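For reference, the structure is listed below as structure tokens.
No experiment lies behind these values; they were computed from the predicted model shown. Computed from heavy atoms alone, side chains included, the values below leave out hydrogens, waters and symmetry copies.
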Amino acid sequence: MPRSGGLKMVADLVPARPPRGLLLLVWCGYAAFAVGLLHALVSVYWAAGGTAGLDTLGGTLEELARQRDPRLIAIVWLTAGLKLVASVLGLAVVQQWGRRLPRGLLLVAAWGAATLLVLYGGALTVGQVLVKVGVVAAAPTMNWKAFHWHLFLWDPWFLAWGLLLAAATWGSARRQRTG
């Protein structure tokens with residue numbers, strides 16, 4: 001509301017500082033977007049024929065990628081698209097333009113993506129930790145290089161992405177309920 005006869009004061013033009021919880025929500029949404037976008041870009045690179053880092057995948061996946069198996073390449077393009085969609089969900093739950101989307105559908109998609117990412121990344125990471133600490137025996141033909149890349153990067157990356165998306169989605173849903 002303007003002060004003194006219709007003239008706007010500087011204080012009227014500067015928005016109030018958003019609450020800390022809202023800043024954290026927005027940060028989680030942007031971080032989920034960035035993490036997901038990086039994941040998608042790696043897939044696009046490999047689908048387009050890039051070979052750097054394929055040795056970090058190991059096993060049949062690495063072999064098929066090096067052979068440029070058409071079915072695998074199609075699957076990698078599809079997953080790149082799904083990763084891009086899931087990364088945009090991180091922004092949609094915290095951005096103004098996301099409010100123009102059907103709210104129920106947005107929240108179901110965001111919760112679904114977050115759940116899949118957490119379960120996938122979490123299960124693989126936990127399984128690999130169990131192998132690393134000796135609770136579960138490693139296969140005799142274990143590709144340790146690929147194993148360590150999955151343990152320390154690829155699979156925790158899915159887990160972190162899912163947790164960030166879940167936090168942003170939870171905060172967005174909670175903020176809407178509380179007005």
Calculate, to the nearest 0.5 Å, the distance between atoms CG and OG1 belonging to L153 and T56 respectively. 7.5 Å
Under a 4.5 Å side-chain heavy-atom rule over Ile, Leu, Val, Met, Phe, Trp and Tyr, are L159 and L151 clustered together? no
Residues two or more places apart in sequence or in another chain: which of them pass side chain to side chain donor-acceptor pair (under 3.5 Å) with W157? none
Answer yes or no: is there a side-chain heavy-atom contact under 4.5 Å between H39 and S87? no
Just checking, is any N or O donor in the side chain of S172 or R99 under 3.5 Å from an acceptor N or O on the other one? no
Pairwise distance CG(L54) to CG(L61) - rounded to 0.5 angstrom: 8.5 Å
Non-hydrogen side-chain atoms of L57 and W149 separated by less than 4.5 Å: no
Hydrophobic clustering (ILVMFWY, side-chain heavy atoms < 4.5 Å, transitive) - are V76 and L41 grouped together? yes
Do D155 and Q128 have side chains that approach each other closer than 4.5 Å (heavy atoms only, starting at C-beta)? yes
Do the side chains of W77 and W46 join up, straight or via other hydrophobic residues, at under 4.5 Å, putting them in one cluster? no
Output all residues satisfying side chain to side chain donor-acceptor pair (under 3.5 Å) with Q67, sequence neighbours left out; order by chain, then residue number. none
Are W170 and C28 packed together at the side-chain level, in the sense that at least one heavy-atom pair is separated by less than 4.5 angstrom? no
CD1 on I75 to CG on L82, rounded to 0.5 Å: 11.5 Å
Suppose we call two aromatic rings close when their centres sit under 6.0 Å apart. Are Y30 and W27 close by that rule? no
Under the side chain to side chain donor-acceptor pair (under 3.5 Å) test, residues paired with R71 that sit two or more places apart: D69
Taking all non-hydrogen atoms of both residues into account, name the closest pair between P156 and H150 and its distance. CD-O, 3.2 Å
V129-M142 co-clustered via ILVMFWY side chain contacts under 4.5 Å: yes
In terms of heavy-atom contacts, A80 and V44 come closest through CB-CG2, 3.8 Å
Do F147 and N143 come within less than 4.5 Å of each other through their side chains, counting heavy atoms only? no
Among all residues two or more places apart in sequence or in another chain, which pass the salt bridge (Lys or Arg N to Asp or Glu O under 4.0 Å) test with R66? E62
Looking only at heavy atoms, the pair that brings L165 and A110 closest together is CD2-O, 3.8 Å
Can you list every pair that meets salt bridge (Lys or Arg N to Asp or Glu O under 4.0 Å) and has a residue in residues 118-142, with sequence neighbours left out? none
Whether T125 side chain and G122 backbone form a donor-acceptor pair below 3.5 Å: no
With K145 via salt bridge (Lys or Arg N to Asp or Glu O under 4.0 Å) - residues at least two apart: D55
Just so I know, are the side chains of F33 and V88 near enough to count as touching, which here means a heavy-atom distance under 4.5 Å? yes
Tell me whether the rings of F158 and W161 are parallel (<30°), tilted (30 to 60°) or perpendicular (>60°). parallel
Quick check: is Y45 connected to V42 through a chain of hydrophobic side chains (ILVMFWY, heavy atoms under 4.5 Å apart)? yes
Of all the heavy-atom pairs spanning V118 and L163, show the shortest one and how long it is. CG2-N, 3.6 Å
Nearest heavy-atom pair of A92 and L101: which atoms, and what distance? CB-CD1, 4.1 Å
Euclidean distance, T169 OG1 relative to L89 CG, rounded to 0.5 Å: 7.5 Å
Minimum heavy-atom separation for S43 to T79, with atom names? OG-OG1, 4.3 Å
